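Let me begin by presenting the structure, written as C-alpha cells, before commenting on it.
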Amino acid sequence: MSIGQIDYQLFHAINEWGKSVSFLNPVMQFLAKDAFYLFFIGLLVYWFIRNEKNRRMVGESVIAACAGLAISWIIGHLFYRDRPFVTHTVLQLIDHAANASFPSDHALGAFVIAAAIGMYRKKDGIVWLILAALIAFSRVWTGVHYPTDVLGGALIGILVASGVHLVMKHNGFVSRSLNACIVFYEKYETKIWPRHTNKDQQTTAHGK
C-alpha cells in the first residue's frame with residue numbers, strides 16, 4: 001500500500017467522524033476557520049504587556065510566520081496537490097477554494113507561532129502547541145486537508161521557528177536589527193502611551 005493510499009484512508013476515517021459524532025462538528029468548524037485568529041490576539045496581548053522578552057518573542061514569531069508562509073507558497077507551486085474535496089467525495093464542513101493542499105498554511109502558521117512562543121515561554125508554548133494540533137486535526141475533519149498536509153505544515157512551522165530563533169541567538173547583526181526595530185517603535189509608542197514606573201521600580205533602577 002502506497003503512502004498516498006494510507007494518507008487517504010486515514011483522511012477518510014477522520015472525515016467520517018463528522019457523520020458518526022456530528023455533535024462535534026461546530027467545534028471543528030470553529031477550530032478550522034476561526035481559531036487561528038487566537039494566535040494573532042495572543043501575539044497582540046504579549047506585545048502590549050510591554051517587556052523586552054515578549055517583544056522579541058513576538059518579533060521572532062512574525063518573522064518566522066512570514067518565512068514559513070513564503071516557503072509554503074513555493075512548495076505549493078512546485079509540488080501542487082489537489083485538495084481532498086477536488087478528487088474525492090468527502091464530507092466538506094467549511095467552504096474553501098480549490099487551491100494547493102500541501103502544505104497546510106493553517107497548520108504551518110499555527111505551529112510556527114506556537115513553537116516561537118515556546119522558545120521563550122515553555123509552559124505557554126505547550127498550550128499554544130495543543131491549540132495548533134487541534135487546528136491541524138480539524139482541517140482534516142472538515143474535509144479540506146489530508147493528514148500529510150497538516151503534518152507537513154506542522155513540521156515546516158516548527159523547523160522555521162527553530163531556525164529563526166537560532167539565527168537570532170547566534171547572529172549579532174540580525175539580533176541587533178530586531179532590537180533596533182523594537183526600540184524605534186517604542187520611541188513613538190511612549191509618546192502616545194507613556195510608561196508609568198512605580199516607586200519600587202524606580203528604587204531598583206537607581207540601586208543598579
Side-chain angles (χ1 to χ4, degrees), residues 1-40 42 61 64-119 125-166:
M1 186 178 293
S2 69
I3 294 176
Q5 290 174 320
I6 295 172
D7 196 24
Y8 172 70
Q9 287 191 1
L10 184 56
F11 162 80
H12 182 70
I14 296 172
N15 185 237
E16 283 294 301
W17 290 344
K19 297 177 182 177
S20 58
V21 283
S22 58
F23 65 91
L24 288 177
N25 286 346
V27 176
M28 292 299 166
Q29 288 169 318
F30 167 76
L31 288 168
K33 289 180 65 177
D34 301 318
F36 187 73
Y37 294 112
L38 295 175
F39 285 87
F40 293 109
S61 298
C66 291
L69 292 174
I71 292 170
S72 174
W73 184 86
I74 294 170
I75 292 174
H77 282 75
L78 291 178
F79 306 99
Y80 186 87
R81 183 188 199 184
D82 283 325
R83 292 192 180 258
F85 57 80
V86 173
T87 53
H88 302 284
T89 299
V90 307
L91 176 63
Q92 187 180 348
L93 298 175
I94 61 173
D95 294 329
H96 204 289
N99 50 11
S101 187
F102 181 87
S104 165
D105 284 342
H106 275 74
L108 190 157
F111 272 93
V112 76
I113 295 173
I117 292 173
M119 303 290 177
I126 291 172
V127 174
W128 289 111
L129 284 169
I130 291 172
L131 177 58
L134 289 173
I135 289 174
F137 181 75
S138 72
R139 302 290 288 182
V140 180
W141 182 297
T142 54
V144 296
H145 277 295
Y146 293 102
T148 52
D149 297 338
V150 298
L151 288 173
L155 180 61
I156 294 169
I158 292 171
L159 289 175
V160 171
S162 300
V164 169
H165 185 68
L166 286 174

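Bear in mind the structure is a predicted one, so any value in this text is a computation, not a measurement. The figures here come from the full heavy-atom set of this structure, side chains too, leaving out hydrogens, waters and symmetry mates.
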Return the minimal non-hydrogen interatomic distance between Pro84 and Ser101, and the atom names on each side. CD-OG, 3.9 Å
Between Asp149 and Arg81, is there a side-chain N and carboxylate O pair less than 4.0 Å apart? yes
Hey, mind stepping through Ser162 and Met119 against side chain to side chain contact (heavy atoms under 4.5 Å, CB included) and telling me if it holds? CA-CA 8 Å; Ser162 300; Met119 303 290 177; 3.2 Å; yes
Aromatic plane relationship, Trp128 with Phe39 - under 30° parallel, 30 to 60° tilted, over 60° perpendicular: tilted
Atom CG in Leu91, atom CH2 in Trp17: separation rounded to 0.5 Å? 13.5 Å
Please report the shortest heavy-atom distance between Ser61 and Ile113, naming the atom on each side. OG-O, 4.3 Å
Distance-minimising heavy-atom pair for Pro26 and Ser22: CD-O, 3.8 Å
If you measure from CD1 on Ile74 to CZ on Phe79, what distance do you get to the nearest 0.5 Å? 11.0 Å
Would you check, one step at a time, whether the test side chain to side chain contact (heavy atoms under 4.5 Å, CB included) holds for Leu108 with Ile71? CA-CA 10 Å; Leu108 190 157; Ile71 292 170; 5.7 Å; no
Closest approach of His145 and Phe11, non-hydrogen atoms and distance? O-CD1, 3.3 Å
I'd like to know whether CD1 of Ile3 has more than 12 heavy-atom contacts from other residues, nucleotides or ligands below 6.0 angstrom. no
Find the distance between CD1 (Ile158) and CD1 (Ile156) and round it off to the nearest 0.5 Å. 11.0 Å
Just so I know, are the side chains of Val144 and Leu93 near enough to count as touching, which here means a heavy-atom distance under 4.5 Å? no
Least distance between heavy atoms, Ala161 atom then Ala64 atom: CA-CB, 4.0 Å
Has the side chain of Ser104 got a donor or acceptor atom that lies under 3.5 Å from a matching backbone atom of Val150? no
Gap separating the NE2 atom of His12 from the CG atom of Leu10, nearest 0.5 angstrom: 11.5 Å
Which of Phe137, Tyr37, Phe36 passes ring-ring contact (aromatic ring centres under 6.0 Å, His included) with His106? Answer is Phe36
Taking atom types as modelled and ignoring hydrogens, do the side chains of Thr148 and Asp7 form a donor-acceptor contact shorter than 3.5 angstrom? yes
Audit row: Ile94, Arg139, side chain to side chain contact (heavy atoms under 4.5 Å, CB included) steps and yes/no: CA-CA 9 Å; Ile94 61 173; Arg139 302 290 288 182; 3.7 Å; yes
To the nearest 0.5 Å, what is the distance between OG1 on Thr142 and CG on Asp95? 10.5 Å
Side chain to side chain contact (heavy atoms under 4.5 Å, CB included) evaluation trace for Asn25 with Trp141: CA-CA 8 Å; Asn25 286 346; Trp141 182 297; 2.8 Å; yes
Calculate, to the nearest 0.5 Å, the distance between atoms CD1 and OH belonging to Ile14 and Tyr146 respectively. 13.0 Å
Nearest atoms (heavy-atom pairs only) where Ile135 meets Ala110: CD1-CB, 4.3 Å
